[in-house]
Structures are given as structure tokens and as C-alpha cells.
Amino acid sequence: MDIGAGRERWVHRYADAQRKGQVRDADFSTLSGLEVDPVYGPRPGDQVAGFERIGWPGEYPFTRGLYPTGYRGREWTIRQFAGFGNARQTNERYRMILRRGGGGLSVAFDMPTLMGRDSDDPRSLGEVGHCGVAIDSAADMDILFEGIPLEQVTTSMTISGPAVPMFCMYLVAAERQGADLGRLNGTLQTDIYKEYIAQKEWLFAPEPHLRLIGDLMAYCAEHIPAYKPLSVSGYHIREAGSTAAQELAFTLADGFGYVELGLSRGLDIEKFAPGLSFFFDAHIDFFEEIAKFRAARRIWARWLREVYGAKTDKAQWLRFHTQTAGVSLTAQQPDNNIVRTAIEALSAVLGGTNSLHTNALDEVLALPSERAAQIALSTQQVIMAETGVTNVADPLGGSWYVEALTDRLEAEAERVFQRIKDLAALAVPSGNHPIGEMTSGILRGIEDGYFTGEIADAAFEYQQALEKGDKKMVGVNVHTDVTADSLEILRVSHQVEIEQRQTLAERRAQRDRSAVDGTLAELRAVARGEGSLIEPMLAAARAEATLGEICDVLREEWGTYTEPARF
């Protein structure tokens with residue numbers, strides 16, 4: 001690679017961004033007043049072996065970031081994850097986050113909602129509003145976003161099993177605000193593969209879930225081009241106990257599966273690939289996490305170009321949200337969690353994250369209190385405003401250690417991809433894969449327990465190392481003599497559940513029952529056939545059909561899924 005020519009290309013791209021007003025008007029100097037360059041790299045004439053794998057920011061393979069300007073152009077979005085109790089209570093928290101500097105919203109749902117159950121379902125007893133907000137119908141969505149213009153605020157929703165009906169309720173809430181739906185921007189998690197691999201919140205067998213996801217991808221590509229219908233999640237894989245390399249490989253493999261799904265639907269990769277986003281964990285091993293993020297961009301760009309034929313930069317970009325590691329937080333000496341979160345957040349920023357959530361110090365015990373949520377928000381603001389890390393694109397690029405780790409993680413991921421291909425060959429010996437090779441391998445890996453077994457082994461090895469003292473955790477197995485003050489934690493009153501059930505009963509009594517029945521009958525007919533399920537779900541949401549009613553229609557048609565027992 002001609003290093004001088006690469007630098008010249010970067011110079012032209014950066015100058016073009018300046019002409020277009022895409023570089024922030026800010027002080028790009030050190031605390032002592034030293035001016036710093038927008039990027040650093042080899043000097044003209046230097047010979048750096050393999051530099052084409054590192055490159056320059058904004059240039060394939062995007063190891064150093066998607067944009068030539070780095071964070072000089074646009075800083076990452078501060079997107080705090082929140083949800084508890086009922087829609088009214090969560091709306092108040094959202095308003096606080098936006099008022100105090102949050103740039104986007106991220107919705108946490110309670111367990112009944114995540115499982116496609118209504119708040120008055122007997123299986124919801126004792127769980128309503130406890131690990132997130134309870135949403136039963138579009139009316140709850142109206143309250144959740146009251147006073148928050150959805151056309152102007154990017155909104156992420158962390159839900160997979162019933163993601164598509166929840167998305168339809170979100171669209172109905174936006175319609176009722178008078179929003180132009182074509183201008184909505186946000187992210188829906190939707191990633192069902194990681195449910196079978198790690199989190200276990202599915203509704204049906206994989207195939208009908210993939211049908212729903214394909215319908216969603218097609219709908220968004222045609223009607224809401226800025227909206228990202230899929231956030232491929234490594235976060236939950238890592239939280240289940242995987243290594244960084246496993247998180248990287250399993251997540252990207254899932255992403256390849258969704259690319260194959262889009263292609264199998266006849267979608268244009270240049271249009272739908274930019275709608276795929278990713279969600280990674282930022283764990284406590286600082287440099288390993290930075291290397292993981294850099295490797296992820298490089299692998300994704302290479303596969304999208306060389307394997308799936310994407311030609312444009314946007315179709316090759318890996319855009320990702322990051323959340324600091326919940327599993328790294330400790331109940332012992334919880335104030336230490338502020339430090340852990342700050343370090344993890346900094347690794348995400350140095351790795352080039354596009355948006356970021358910082359965990360609160362008390363999340364290991366309960367949903368965040370308002371004070372703890374404010375500290376978490378301020379952590380990002382301090383990193384953004386005071387540390388100088390936004391001045392230079394990929395400031396660790398070229399570090400011998402970071403580059404070696406990046407290469408090592410990429411190689412580990414490629415070994416996993418080959419294993420998934422081997423599983424695909426077992427699943428479909430003919431090689432005529434219905435959707436694609438990676439998809440066949442993933443489905444066989446789910447069926448065989450490959451992914452869950454690998455994660456379980458990794459989690460067991462780490463726990464052994466922790467108990468032996470080989471790996472250290474302050475307050476847990478070292479420096480345990482400090483006594484922490486007790487925390488006042490947020491507790492969701494049982495009254496929330498009582499009131500939510502009462503509200504739901506009133507809504508059921510007030511709605512047009514015949515309209516609800518008619519839309520659910522149409523949904524059932526389409527579920528039995530081959531058409532898109534988005535429009536009948538939208539009609540059901542507009543009629544105030546509940547989440548449980550919509551999901552029950554699909555359960556009755558498609559059945560449910562039980563994970564095979566393995567020992």
C-alpha cells in the first residue's frame with residue numbers, strides 16, 4: 001500500500017468534510033494548548049508491513065473508523081437505556097435524560113413485554129414494570145413518548161421476540177403525533193439469533209421469526225430508509241459469559257445471516273445493509289475491547305465486499321452502539337462501579353462507537369435510581385468534553401499492542417466462521433442452502449447447542465480463574481476490607497402492576513371489539529399464507545389490539561419453541 005497516497009486521500013476527504021460544514025467548530029488542542037492533528041499515521045516514505053489492514057479513517061477496511069473526521073465531525077450519541085414501572089414513569093425519566101444532555105432514547109421493556117405477554121396474563125404476575133417498562137398496546141406507547149417528538153429524537157428499542165408488533169405500536173404512536181413516518185430514525189433490536197444463543201427470550205421456532213424479520217427489513221427499506229430494523233447484539237452474548245473473541249465472531253456471524261436473509265428476499269444490499277446496526281459490550285479489559293471494535297469494522301467491511309458483493313462504503317460500514325458491561329458490576333463496594341463504567345466507556349470511545357450507554361453504579365442491584373442515572377450520564381459528558389479523546393481519529397491506531405490484538409481477534413473470529421460453515425455442511429450436505437451458508441450453520445449450531453456450549457465453557461473457565469485468584473475483582477477477591485455504605489435503590493411498587501392491569505381492563509372495555517377481532521383475523525390469515533405481516537399488524541395496533549393478543553395469534557398458528565435439553 002502506498003502510504004503517501006493514502007494520506008493524500010484522507011487529506012482530500014477531510015478537506016471536503018470541512019467545506020461541507022461537517023467538522024465541528026471546537027478547540028482541538030490539548031489542555032496545555034498544544035494543537036493536535038486530526039489524525040496520525042506513518043510519514044511519507046515509511047514502510048509499514050500490512051498497513052493496508054490499518055489504513056486511514058474513513059477508508060476501507062474502516063479499521064480506524066467510518067469517517068475521515070472521527071469525532072471532530074460528530075461525537076457519539078449519548079443514548080441512555082431506561083425503562084421501569086409504567087409508561088408515565090418512564091416518560092418522566094426520558095424527559096430528564098433529554099433535558100440533561102442525552103442525545104437519544106433507549107427503551108428497556110419489562111419481562112412480560114419481552115415475552116409477548118399482556119400485563120394481566122397470569123404468567124406476568126409479579127413481573128410487571130420490574131426490569132423495564134410495561135407496554136400493552138399503542139396507547140401505552142402514546143404515553144411513553146408524550147411530549148417527545150419521535151420525528152426529531154432517535155429511539156432504540158431493546159426487544160427481539162415481539163419486536164415487530166412493538167415496532168408497529170411505535171409507528172402508530174408516531175402517526176398519532178402527526179409525524180412523517182418516512183423521517184423516523186432509530187433502531188429496533190429484533191435480533192432473534194442471540195436469543196437462542198444467549199438471552200432466551202424467543203416466542204417461536206427460528207424460521208417464523210426469520211419470516212417476521214424479513215418482512216420488517218423489506219418494509220423499512222421501502223418506507224423508512226433511515227430507520228435501522230435490526231441491531232445485531234453481541235452484548236447479551238458477552239453478558240452470558242462469552243470471551244471477547246466469541247462475542248465478536250458470534251455477533252458478526254449472526255449479522256451475515258441477516259445479510260443472507262435480505263438477499264434471499266431479493267432486497268438490494270446497497271439499500272438494506274446500511275439498515276443493519278450492531279450492539280456490543282464494552283468490558284473491563286481496556287485494550288482488548290478497543291481491538292475488538294476495530295476488528296469488527298474490518299471483518300464486516302471485508303465480508304460485505306468480498307462475500308456478499310456490497311460496493312458502496314455505506315453498505316460496508318459497521319455502525320454500532322455500545323453498552324458498558326453489566327456483568328462487570330459488583331454488589332460489593334458498588335462505588336467502584338463508577339470507575340469500571342468510566343474505563344469501559346472510554347474503551348468504546350477509543351474503539352469508535354457511534355452511540356453509547358453507560359451503566360449506573362446500582363444496576364447490579366436494581367433499576368437505576370435517578371442519582372445513579374445522572375452519574376452515568378455525566379460520565380459520558382466528562383469523557384466527551386474534558387479528556388480530549390474527540391480531537392484525534394483513532395488515536396491508538398498503529399500501536400503495536402492494539403494492532404496485534406486486533407489481528408489476533410480477527411483470526412479467532414475467522415476460525416469460528418469456519419466452524420459455522422462446517423455446521424452448515426452437516427445441515428445441508430448438498431450445499432443448496434435455503435437462505436445462505438452462514439444461516440444454515442447458525443441454525444444447526446442452535447439446534448446442536450454449539451453456541452451455548454462454547455459460552456458455558458468460557459464462563460466456567462473465567463469463574464474458575466476468579467475463584468482461584470488468577471483474575472482479580474476489587475471488592476470481590478482482592479481489597480475486600482473496605483466497607484461500603486448501603487445504597488438506596490429504586491423499587492417498583494406492586495401498585496404499578498395493579499394500576500396497569502386496571503388500565504388495560506378499561507381500554508379493553510372501551511375499544512371497538514369488532515374492529516380488533518377483524519384485524520386479528522386478517523393477521524391470522526396472512527400468518528397462514530405468504531404475505532407481509534407488517535400491514536395487518538399495523539392495523540391491529542391502530543385498533544388497540546394488545547401485544548399479547550397479537551402474539552397469541554402467531555403462537556396459535558406457528559406454535560412455540562422449547563430449547564432441547566442438553567447435559
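If you're wondering where the values come from, they're calculated on a predicted model, not measured in any experiment.
Proximity of a side-chain donor or acceptor of E403 to a complementary backbone N or O of G398 within less than 3.5 Å is detected. Counting only distance, with no hydrogens or angles, the side chain of R297 and the backbone of F62 share a donor-acceptor pair below 3.5 Å. Judged by distance alone, the side chain of S347 and the main-chain N or O of E344 form a donor-acceptor pair under 3.5 Å. Under a 3.5 Å cut-off, the side chain of E260 and the backbone N or O of M438 do form a donor-acceptor pair. Under a 3.5 Å cut-off, the side chain of Q316 and the backbone N or O of A310 do form a donor-acceptor pair. Side-chain atoms of T330 come within 3.5 Å of backbone atoms of Q332 as a donor-acceptor pair (strictly under, hydrogens ignored). Between the side chain of S32 and the backbone N or O of T30, no donor-acceptor pair lies under 3.5 Å.
Shown are I435, L267, T439; of these, the side-chain contact (heavy atoms from CB on, under 4.5 Å) with L261 is made only by I435. Checking Y14, F51, Y40 one by one against W56, the ring-ring contact (aromatic ring centres under 6.0 Å, His included) holds for a single residue, F51. In summary, of the residues considered (W317, F320, W300), a ring-ring contact (aromatic ring centres under 6.0 Å, His included) with F278 occurs for W300 alone. Partner of N359 under the side-chain contact (heavy atoms from CB on, under 4.5 Å) criterion, chosen from L329, V364, T379: L329.
Looking at D191 and S233, their side chains never bring a donor and an acceptor atom within 3.5 Å of each other.
The cationic atom of R305 (NZ for Lys, CZ for Arg) lies less than 6.0 Å from the six-membered ring centre of Y60 and within 45° of the ring axis.
Listed by first then second residue, pairs satisfying salt bridge (Lys or Arg N to Asp or Glu O under 4.0 Å) with a partner in residues 385-396 read R64-D394, R294-D394, not counting sequence neighbours. The salt bridge (Lys or Arg N to Asp or Glu O under 4.0 Å) pairs that include a residue from residues 20-46 are D16-K20, R24-E75, R43-D46, where partners are two or more places apart or lie in different chains. Here salt bridge (Lys or Arg N to Asp or Glu O under 4.0 Å) pairs that include residues 238-247, with residues two or more places apart or in two chains, are R238-E247, R238-E289, E247-K292.
Within 6.0 Å of CG in L31 there are 12 or fewer heavy atoms belonging to other residues, nucleotides or ligands.
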Begin from the C-alpha positions of E454 and S242 and carry the test side-chain contact (heavy atoms from CB on, under 4.5 Å) through to its verdict. CA-CA 8 Å; E454 291 291 297; S242 79; over 6 Å; no
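Scored by the salt bridge (Lys or Arg N to Asp or Glu O under 4.0 Å) test, R100 finds E370 as partners (sequence neighbours excluded). In this structure H223 satisfies the ring pair (Phe, Tyr, Trp, His ring centres under 6.0 Å) test together with Y219, sequence neighbours excluded. When the side chain to side chain contact (heavy atoms under 4.5 Å, CB included) test is applied to V307, the partners found at least two apart in sequence or on another chain are W303. Scanning for side-chain hydrogen bond (donor to acceptor under 3.5 Å, both in side chains) contacts around N336 gives Q333, with sequence neighbours left out. Residues meeting the side chain to side chain contact (heavy atoms under 4.5 Å, CB included) test with E92, sequence neighbours left out: R88. Every residue two or more places apart in sequence or in another chain was checked for a salt bridge (Lys or Arg N to Asp or Glu O under 4.0 Å) with R7, and none qualifies. Checked against side chain to side chain contact (heavy atoms under 4.5 Å, CB included), A348 has the following partners two or more places apart in sequence or in another chain: A282, F293, T322, T353, L356. For the side chain to side chain contact (heavy atoms under 4.5 Å, CB included) test, no residue two or more places apart in sequence or in another chain qualifies with A404.
Ion pairing of R302 with E410 is present here, as a side-chain N (NZ or NE/NH1/NH2) and a carboxylate O approach within less than 4.0 Å.
A 4.5 Å side-chain heavy-atom check between M473 and L466 finds at least one atom pair inside the cut-off. You'll find the side chain of Q380 stays beyond 4.5 Å of the side chain of V349, heavy atoms only.
Rounded to the nearest 0.5 angstrom, H357 NE2 and S156 OG are separated by 11.0 Å. Taking OG1 from T154 and CG from N185, the interatomic distance works out to 6.0 Å, rounded to the nearest 0.5 Å.
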Identify each donor-acceptor pair in which a side-chain atom of residues 224-231 lies under 3.5 Å from a protein atom, sequence neighbours left out, and give them as a table.
residue: K228; atom: NZ; partner: A226; partner atom: O; Å: 3.4

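Of all non-hydrogen atoms in T324 and T341, the two that sit nearest each other are CG2-O, 3.6 Å.
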